[in-house]
Amino acid sequence: MTFTVKEKDAEESSSKTGILDICLIKSFKKEDMESVLKWMEKLLVLLFLIYGCYAEHQDLSGKKLIIPVETSNSFVKLSGNVSKPVTAMTMCQRFFTEEHRDQSLFSLATPSDSKDINLCMQSKGGYKLNIRGNSVTISGLPENRNAWISLCGTWDSKTGLTQMWANGRRSASKILKPNGPINGKPSIILGQNQGSYGGSFVASQSFVGDVTDVHFWDSVISPCQIKLYMQGKNFTPGNILNWKALEFTTGGGVFKEISDYNC
């Protein structure tokens, strides 16, 4: 077999490069290799934290989020604009479900308490609101299945006064955990009940259905504002959570679709 001068030069160059690579690999100590691998592992973790935990900031007007299956890993994590202790709150949302078991509608945890604010719909009837370990069940409000329910809950830490509204109907006032604000960075979850800060979800407590128009205020808003929300009219959006400017991430099987609430 014969070679041209160029082919011979290319072959010799390739051979020298291969020998050089082998020499470099052999001279590379085991300790150096372990150091590089550790560095690469840290880089991968950093990239995951940057891109895996990135939250979308979206206007979800006219949209709904759907969790169609009972699981322990489908959830929506909301990023709230919280810069000070929560001394009062109003939370509103619309949801649609056919389930008749206990379901978590809203879960706010802090590092010191996984149930700082927890709202669930009970299989035996009524809505159960838990504030920092104390709870009250409010009955007599609409709990329709396979129909939209507009739900709001209020709480004032100074007095403990608590009320709930559903589809325009108001509950009687209750007293729940007065004399104490909620402190710490909140972890806010839709679709799951937090058994620990940001996790420990249980499928049997998960929400299955549609949710839309979630808002959260760090005050007790006026009854007139709540009525405007209930009627789907213009109201002042939440200053902590605003469905029209919502920062969120999802896990598991969560889908975003056009809402049929106002159709």
Side-chain angles (χ1 to χ4, degrees), residues 55-61 63-65 67 75-95 103-111 113-121 127-132 135 138 149-158 160-166 170-171 176-177 180-194 197-198 207 210-230 232-250 254 259 261:
E56 299 179 70
H57 198 156
Q58 297 186 33
D59 180 356
L60 293 181
S61 299
K63 299 293 195 302
K64 64 182 179 181
L65 297 176
I67 304 176
F75 64 91
V76 181
K77 182 174 178 59
L78 308 179
S79 297
N81 180 28
V82 180
S83 59
K84 58 183 180 180
V86 177
T87 58
M89 72 94 184
T90 303
M91 189 285 300
C92 291
Q93 65 172 270
R94 309 187 206 279
F95 67 92
Q103 295 189 85
S104 177
L105 300 175
F106 184 90
S107 176
L108 185 152
T110 60
D113 194 333
S114 64
K115 289 180 172 51
D116 266 318
I117 302 176
N118 185 52
L119 175 63
C120 72
M121 189 179 193
Y127 298 96
K128 184 178 181 180
L129 179 62
N130 187 307
I131 302 287
R132 292 166 56 229
S135 64
I138 295 177
I149 294 180
S150 297
L151 185 70
C152 291
T154 66
W155 171 72
D156 187 333
S157 69
K158 293 181 181 179
L161 281 174
T162 301
Q163 278 188 340
M164 293 200 68
W165 300 66
R170 177 180 66 83
S171 73
L176 182 60
K177 199 67 175 179
I182 293 171
N183 296 288
K185 183 178 179 179
S187 168
I188 305 174
I189 300 289
L190 300 178
Q192 299 286 347
N193 179 30
Q194 298 180 78
Y197 183 65
F207 172 77
D210 307 348
V211 62
T212 189
D213 294 342
V214 179
H215 290 266
F216 190 98
W217 297 259
D218 61 356
S219 63
V220 175
I221 65 173
S222 71
C224 290
Q225 283 291 311
I226 292 177
K227 287 183 179 180
L228 289 174
Y229 175 88
M230 292 284 160
K233 297 181 179 179
N234 290 330
F235 60 93
T236 303
N239 64 323
I240 301 297
L241 297 174
N242 178 359
W243 194 252
K244 297 180 179 181
L246 194 66
E247 197 172 345
F248 69 98
T249 55
T250 62
V254 180
S259 175
Y261 171 73

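All figures in this text were calculated on a predicted structure; none of them were measured in a lab.
The shortest side-chain heavy-atom distance between T154 and I226 falls under the 4.5 Å cut-off. Side-chain contact between I131 and D116 is absent, with no heavy-atom pair separated by less than 4.5 Å. Q103 has its side chain out of reach of F95: every pair of non-hydrogen atoms, C-beta onward, lies at least 4.5 Å apart. Within the 4.5 Å cutoff, the side chain of F248 has no heavy atoms near those of the V214 side chain. Side-chain contact check for W165 versus K227: some heavy-atom pair is nearer than 4.5 Å. Between C92 and D213, every side-chain heavy-atom pair lies at or beyond the 4.5 Å cut-off. Residues V82 and D218 form no side-chain contact, since every pair of their non-hydrogen atoms from C-beta on lies 4.5 Å or further apart. Side-chain contact between F106 and L151 is absent, with no heavy-atom pair separated by less than 4.5 Å.
Under a 3.5 Å cut-off, the side chain of T162 and the backbone N or O of G160 do form a donor-acceptor pair. Although no hydrogens or angles enter the test, the distance criterion places a donor-acceptor pair under 3.5 Å between the side chain of Q225 and the main chain of T236. A donor-acceptor contact shorter than 3.5 Å is absent between the side chain of W217 and the backbone of L241. In this structure a side-chain-to-backbone donor-acceptor pair under 3.5 Å is present from S171 to M164.
Remark: Q58 CD to E247 CD distance equals 10.5 Å, nearest 0.5 Å. Distance check: F207 CZ to L190 CG gives 9.0 Å after rounding to the nearest 0.5 Å. Atom OG1 of residue T90 and atom CH2 of residue W155 lie 11.5 Å apart, to the nearest 0.5 angstrom. Between the CG atom of L108 and the OG atom of S187 there is a distance of 7.5 Å, given to the nearest 0.5 Å.
The salt bridge (charged side-chain N to carboxylate O under 4.0 Å, His left out) search around D210 returns K64, not counting sequence neighbours. When the salt bridge (charged side-chain N to carboxylate O under 4.0 Å, His left out) test is applied to R132, no partner is found at least two apart in sequence or on another chain.
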- Task: Could you walk me through whether M230 and F235 pass the side chain to side chain contact (heavy atoms under 4.5 Å, CB included) test, one step at a time?
- Result: CA-CA 10 Å; M230 292 284 160; F235 60 93; over 6 Å; no
- Task: For the pair I240 and M89, evaluate side chain to side chain contact (heavy atoms under 4.5 Å, CB included) and give the outcome as yes or no after the intermediate values.
- Result: CA-CA 10 Å; I240 301 297; M89 72 94 184; over 6 Å; no
- Task: Could you go through the side chain to side chain contact (heavy atoms under 4.5 Å, CB included) check for L105 and Q93 one step at a time?
- Result: CA-CA 9 Å; L105 300 175; Q93 65 172 270; 4.0 Å; yes
- Steps toward side chain to side chain contact (heavy atoms under 4.5 Å, CB included) verdict (L246, L78): CA-CA 7 Å; L246 194 66; L78 308 179; 3.8 Å; yes
- Message: Using side chain to side chain donor-acceptor pair (under 3.5 Å), reason through N81 and N239 one step at a time and then give a plain yes or no.
- Response: CA-CA 7 Å; N81 180 28; N239 64 323; over 6 Å; no
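In terms of heavy atoms, T212 sits closest to K63 at OG1-O, 2.6 Å. Across Y127 and L119, no two heavy atoms sit closer than the pair CB-CD1, 4.3 Å. Nearest heavy-atom pair, Y197 versus Q194, reported as atom, atom and distance to 0.1 Å: C-OE1, 4.0 Å. Closest of all the heavy-atom pairs between S107 and Q192 is CB-O, 3.5 Å. A pairwise comparison of heavy atoms in Y229 and C152 identifies CD2-SG, 3.7 Å as the closest pair. Of all non-hydrogen atoms in N118 and S104, the two that sit nearest each other are OD1-OG, 3.8 Å.
Within 6.0 Å of NZ on K77 lie more than 12 heavy atoms contributed by other residues, nucleotides or ligands.
Of the N and O atoms on the side chains of T87 and K158, not one donor lies less than 3.5 Å from an acceptor on the other residue.
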